[in-house]
Amino acid sequence: MKLPEATNFIEQIINEELEAGKFESRGNKLQVRFPPEPNGYLHIGHVKAMCINFGVKDKYGAKLNLRMDDTNPAKEDYEYVNSIVEAIKWLGFEYDKLVFASDYYERLYEIAEKYITDGNAYVCDLTAAEITATRGTLTEAGTPSPYRNRSVEENLKLFREMKDGKYPDGSKVLRAKIDMSSPNVNMRDPVIYRIAHVDHYRTGSKWCIYPMYDFAHPVSDAIEGITHSLCSLEFENHRPLYNWFVEKAGFPAPRPRQIEFARLNITNMLMSKRYLKKLVDEGFVRGWDDPRMPTIMGLKNRGVPPEALKKFCADVGVAKAYSVVNQAQLDSCIRDNLNDNAERAMAVINPLKLTVTNYSGEEELRFEKNPMREGSGTRNVKFTGTLYIDRDDFSLNPPPKYKRLQKGGTVRLKSAYIVRCDEVRLNADGEAEELLCTYFPETRSGSSEPCAVKAKGVIQWVDAKYGIDAEFRHYEPLLTDEQYPDQDYAERLNKDSEKVFRGKAEPYLGECGDGVPFQLIRAGYYKKCVENGLVLSEIVSLKDSFNK
RNA sequence: UGGGGUGUCGCCAAGCGGUAAGGCACGGGAUUUUGAUUCCCGCAUUCGUAGGUUCAAAUCCUGCCACCCCAGCCA
């Protein structure tokens with residue numbers, strides 16, 4: 001058998017197993033799963049998990065189920081399952097089946113009864129606090145529950161009564177009978193089922209007992225015939241439990257194998273669902289898909305192409321070492337993708353009027369949509385000599401090596417002419433209000449004749465007569481998990497994370513369809529065009545090369 | 001002071017006994033009507049640390065150190 005080349009340690013393990021013939025009994029057909037809990041929107045961390053799982057799918061021709069791990073009715077909802085499906089679709093991943101852990105409730109219940117019958121589980125009347133107290137500590141063994149040795153008959157009767165709703169929440173649980181003195185705390189008779197008289201978004205009020213993750217997850221894997229259950233590092237301590245549940249449930253080999261990898265962390269990116277949910281619930285952001293959010297939908301609304309996210313995950317790799325990737329690495333992938341694919345456009349965020357005093361009339365100039373790509377086409381831009389440039393592109397006190405416009409200096413208007421600034425009109429505050437310039441007809445863009453006039457810089461511009469009003473929003477990334485609990489968080493978030501600018505844009509931007517990312521001529525910015533007429537853009541500064 | 005993991009360049013990360021890939025970041029140079037892009041060139045005599053085995057170790061052995069995870073009726 002010709003094995004695919006492994007690009008990470010997980011695929012290496014798979015190759016070794018395949019070589020050893022572990023999956024011959026199932027025709028070497030592998031199966032994986034992506035198991036989000038529908039209690040929030042997917043974020044960039046999930047993209048890594050998906051890249052790993054879908055990578056196995058593509059590489060080994062494995063089956064891949066999208067499984068909603070919905071065993072906690074209090075937190076889950078259809079809104080989230082829809083958002084998850086949408087995010088996966090946007091990323092371009094294709095799963096074989098959409099399944100729900102809640103589809104297995106009946107089967108899980110039967111397996112729980114089997115545990116009881118086999119003497120591997122018991123109903124425990126201890127309170128939550130008592131269970132915690134008797135679990136022992138990291139260095140001391142726990143003490144067995146007084147209910148640990150109930151008879152199979154009594155356990156079965158009690159468990160059925162639990163299911164039938166005879167007991168209030170918290171009064172009883174079903175526990176696995178493993179080892180109260182295990183050095184691994186997770187093995188000290190973990191809870192399998194809890195009573196919760198809560199409606200489930202899918203099963204309604206049918207159940208009042210719900211299975212716990214530690215039990216439901218491995219058994220769901222086994223039911224589906226999963227061969228590789230890939231999850232993050234924090235579940236390493238649960239692996240013995242995982243194996244215990246699958247084995248005691250009586251599933252034959254080859255049983256699913258849990259393999260753990262380090263989750264994705266990125267500097268300046270808040271990545272825990274709990275905090276993200278809080279930001280949404282308390283109104284710090286407009287929703288889960290707010291461009292400031294690290295959610296897949298937030299990133300989409302920021303104008304990030306899905307391919308850039310996949311490239312990023314591929315670059316970052318998969319390993320077991322705890323790590324925090326620099327955001328610069330993500331930015332680089334986005335820039336790289338946009339450089340190849342995004343069309344270029346002109347817009348000024350902070351307009352400054354520029355009048356060409358020796359120009360009259362109007363003309364159309366040719367503009368390449370994407371100079372990086374062959375055949376991307378051109379469009380015409382009107383030029384009347386009265387226009388706006390960005391305030392940043394003019395300086396009253398230019399620093400050394402300044403390449404853009406200054407009094408007495410020249411600059412090239414992108415795809416148009418070179419102009420010289422003759423006079424600066426100031427407002428009452430001493431700020432530039434209007435620039436009076438001279439243009440040089442012989443410097444018209446595309447002209448091949450040599451001319452004496454030179455300009456070091458090139459800036460973008462918007463014609464005053466033909467440009468449209470545009471609103472720009474500039475977003476700062478959300479703070480990191482560590483910074484989050486800070487008391488000034490909300491204030492800082494509201495004050496600094498979103499800035500709105502009223503500027504001008506060429507009409508072309510208003511014609512862009514919803515969600516089209518494009519790159520501003522001023523290098524280092526990418527943005528997204530939304531809604532016609534008005535340009536409502538999300539701008540993210542990716543590389544501030546202007547401070548050099 | 002229990003158990004499970006991890007330690008290779010500023011940040012990720014290959015490497016699996018034969019003499020340190022790659023990406024990001026960074027520095028230098030060339031081309032450029034985006035200070036972008038593109039293009040060269042540079043960037044770990046050293047792999048947490050101390051010993052040991054070997055002709056040969058980041059890779060094997062032993063001790064030590066550091067960091068992360070685990071005591072939810074969350075996932």
Side-chain angles (χ1 to χ4, degrees), chain A residues 7-8 12 35-37 39 69-72 74-76 101 124 126-129 131-133 135-142 169-175 182-188 190-196 209-210 212-214 216-217 231-240 260 262 264-267 273-274 311-312 314-333 335-336 339-340 344 346 371-372 401-404 412-418 443 445-446 455-460 519-525 542-543 545-548:
Chain A
T7 53
N8 60 243
Q12 229 168 67
E37 183 190 8
N39 66 346
D69 233 349
D70 53 359
T71 52
N72 185 2
K75 293 184 175 175
E76 298 148 2
C124 179
L126 257 25
T127 64
I131 287 180
T132 301
R135 185 147 27 223
T137 67
L138 296 179
T139 52
E140 298 162 57
D169 291 2
S171 59
K172 283 179 168 43
V173 289
L174 183 69
R175 289 229 255 169
S182 169
N184 181 345
V185 194
N186 297 114
M187 299 296 273
R188 322 239 261 230
V191 173
I192 300 178
Y193 266 98
R194 77 281 214 180
I195 301 172
I209 57 171
Y210 292 94
M212 302 291 292
Y213 166 89
D214 278 323
H217 197 89
C231 63
S232 49
L233 248 28
E234 63 263 37
F235 293 106
E236 266 175 329
N237 296 324
H238 297 240
R239 199 188 324 133
E260 310 85 9
L264 179 65
N265 293 292
I266 302 174
T267 57
K273 256 193 207 170
R274 199 185 125 212
K311 171 67 161 51
F312 170 67
D315 285 358
V316 160
V318 185
K320 293 194 75 168
Y322 173 87
S323 63
V324 183
V325 182
N326 275 333
Q327 202 194 25
Q329 187 124 14
L330 207 212
D331 291 345
S332 164
C333 290
R335 249 189 280 127
D336 204 47
N339 182 48
D340 288 344
R344 309 302 137 111
M346 296 196 293
M372 302 300 155
K401 294 186 180 173
Y402 189 71
K403 291 175 70 170
R404 287 159 281 155
R412 163 151 239 125
L413 298 173
K414 172 70 183 170
S415 292
Y417 300 93
I418 289 178
T443 61
S445 182
K456 276 183 292 186
V458 181
I459 63 173
Q460 59 183 333
Q519 194 183 87
L520 230 48
I521 293 303
R522 269 287 287 292
Y525 285 100
L542 283 178
K543 192 172 190 180
S545 45
F546 306 107
N547 295 329
K548 285 180 182 172

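A, B, ... follow the sequence lines: proteins, then strands. Residue 1 opens every chain.
Checking side-chain atoms of A:Arg412 against main-chain N and O of A:Ala455 turns up no donor-acceptor pair under 3.5 Å. Of the possible polar contacts, none joining the A:Ser182 side chain to the A:Met187 backbone as a donor-acceptor pair under 3.5 Å is found. In this structure, A:Glu140 contributes its side chain and A:Gly136 its backbone to no donor-acceptor pair below 3.5 Å. Using a distance-only test at 3.5 Å, with no hydrogens or angles considered, no donor-acceptor pair links the side chain of A:Arg194 to the main chain of A:Gly170.
Both A:Lys75 and A:Tyr402 lie near RNA chain B, and the one whose nearest nucleotide falls closer to the 5' end is A:Tyr402. Each of A:Lys456 and A:Cys124 lies near RNA chain B, and the nucleotide nearest A:Lys456 is the one positioned closer to the 5' end.
Base orientation for B:G42: anti, the chi torsion being more than 90° from 0.
Between A:Asp331 atom CG and B:A36 atom P there is a gap of 16 Å when expressed in whole angstrom units. One interatomic measurement links the two molecules: NZ of A:Lys273 to P of B:C74, which rounds to 16 Å at whole-angstrom precision. Atom pair A:Lys401:NZ and B:G35:C1' shows a separation of 12 Å (rounding to whole Å applied). Rounded to an integer number of Å, the gap from CG of A:Asp169 to P of B:G72 is 19 Å. Regarding A:Asp69, its CG atom lies at a distance of 7 Å from the C1' atom of B:A75, rounded to whole Å. A straight line from CD of A:Glu234 to P of B:C70 spans 8 Å, rounded to a whole angstrom. Counting to the nearest Å, the C1' atom of B:U38 and the CG atom of A:Asp340 are 11 Å from each other. Protein atom CD of A:Glu236 is 12 Å distant from nucleotide atom C1' of B:G3, rounded to whole Å.
Distance check on atom P: B:C24 versus B:A66 gives 36 Å, rounded to whole Å. Taking atom P on both B:U46 and B:G3, the two are 36 Å apart, rounded to the nearest angstrom. The gap from the P atom of B:G5 to that of B:U62 amounts to 15 Å, rounded to the nearest Å. B:C60 and B:C55 have their C1' atoms separated by 16 Å, with the value rounded to a whole Å. B:G22 and B:A14 have their P atoms separated by 15 Å, with the value rounded to a whole Å. Across the C1' atoms, B:U45 and B:U38 are found 34 Å apart, a figure rounded to whole Å. Taking atom P in both B:A13 and B:G7, one finds a spacing of 9 Å when rounded to whole Å. Look at the C1' atom in both B:A57 and B:A50: the space between them is 15 Å, to the nearest Å.
Among the heavy atoms of the strands lying under 4.0 Å from A:Arg135 are primed sugar atoms or P, OP1, OP2 only; no base atom is included. Within 4.0 Å (heavy atoms only), A:Ile131 reaches at least one base atom of the nucleic acid. Residue contacts shown for A:His217 are absent, as no nucleic acid heavy atom lies under 4.0 Å away. Using a 4.0 Å heavy-atom distance criterion, A:Tyr210 is classed as making no nucleic acid contact. Nucleic acid contact class of A:Ala128 (heavy atoms, under 4.0 Å, all strands): base. Within the 4.0 angstrom heavy-atom criterion, base atoms lie near A:Gly446. Across all strands shown, A:Leu126 has heavy atoms under 4.0 Å from base atoms, whether or not it also approaches the sugar-phosphate. Within the nucleic acid shown, A:Thr132 comes within 4.0 Å of sugar-phosphate atoms alone, with no base atom in reach, counting heavy atoms only.
Contact check, A:Arg335 against B:C24: no side-chain N or O comes under 4.0 Å of OP1 or OP2. Within the 4.0 Å cut-off from OP1 or OP2 of B:G2, not a single side-chain nitrogen or oxygen of A:Thr137 is found.
Considering every non-hydrogen atom in both A:Gln327 and A:Ile266, the closest pair reads CA-CG2, 3.7 Å. Scanning all heavy atoms of the two residues, the minimum distance from A:Met346 to A:Gln460 falls at CA-OE1, 3.2 Å. The two residues A:Cys333 and A:Asp315 have their closest heavy-atom pair at SG-OD2, 3.6 Å. Residues A:Ala101 and A:Asp70 share a closest heavy-atom pair of N-OD1, 3.3 Å.
Within the shown strands, nothing qualifies as a pairing partner of B:A14 under the Watson-Crick or G-U definition with both distances less than 3.5 Å. In this entry B:A21 has no Watson-Crick or G-U wobble partner, no candidate having both defining distances under 3.5 Å. Checking B:A66 for Watson-Crick or G-U wobble geometry (two distances, each under 3.5 Å) identifies B:U6 as its partner. Using N1 to N3 plus N6-O4 or O6-N4 for Watson-Crick, or N1-O2 and O6-N3 for G-U wobble, each under 3.5 Å, B:U32 pairs with nothing.
The listed nucleotides are B:C73, B:A25, B:A75; the one nearest the side chain of A:Val191 is B:C73. Nearest nucleotide to the A:Asn339 side chain, out of B:A75, B:U37, B:C73: B:U37. Taking only side-chain atoms of A:Leu138, from C-beta outward, the nucleotide of B:A25, B:C70, B:C73 with the closest atom is B:C70. Here the side chain of A:Ser332 is nearest to one of B:G35, B:A75, B:A25, namely B:A25.
A distance of 12.0 Å separates OG of A:Ser171 from CG of A:Leu126, quoted to the nearest 0.5 Å.
Listed by chain and residue number, A:Glu11, A:Lys59 satisfy the side chain to side chain donor-acceptor pair (under 3.5 Å) test with A:Thr7 (two or more places apart in sequence, or in another chain).
Under 3.5 Å, the side chain of A:Asn237 and the base of B:G5 form no donor-acceptor pair of N or O atoms. You won't find any donor-acceptor pair under 3.5 Å spanning the side chain of A:Arg239 and the base of B:G4, going by distance alone. Taking only distance into account, the side chain of A:Thr139 never meets the base of B:U1 through a donor-acceptor pair shorter than 3.5 Å.
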Set out, line by line, the N/O atom pairs under 3.5 Å between protein and nucleotides 11-15 of chain B.
from  : atom 1 : to       : atom 2 : distance (Å)
B:C11 : O4'    : A:Asn326 : ND2    : 3.4
B:C11 : O3'    : A:Val324 : O      : 3.2
B:C11 : O2'    : A:Val324 : O      : 2.9
B:C11 : O2'    : A:Asn326 : N      : 3.4
B:C12 : OP1    : A:Val324 : N      : 3.2
B:C12 : O5'    : A:Val324 : O      : 3.4
B:C12 : O2'    : A:Val316 : O      : 3.0
B:A14 : OP1    : A:Val318 : O      : 3.2
B:G15 : OP1    : A:Gln12  : NE2    : 3.2

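Under the 4.0 Å criterion applied to side-chain N and carboxylate O atoms, A:Glu236 and A:Lys320 are assigned as salt-bridge partners.
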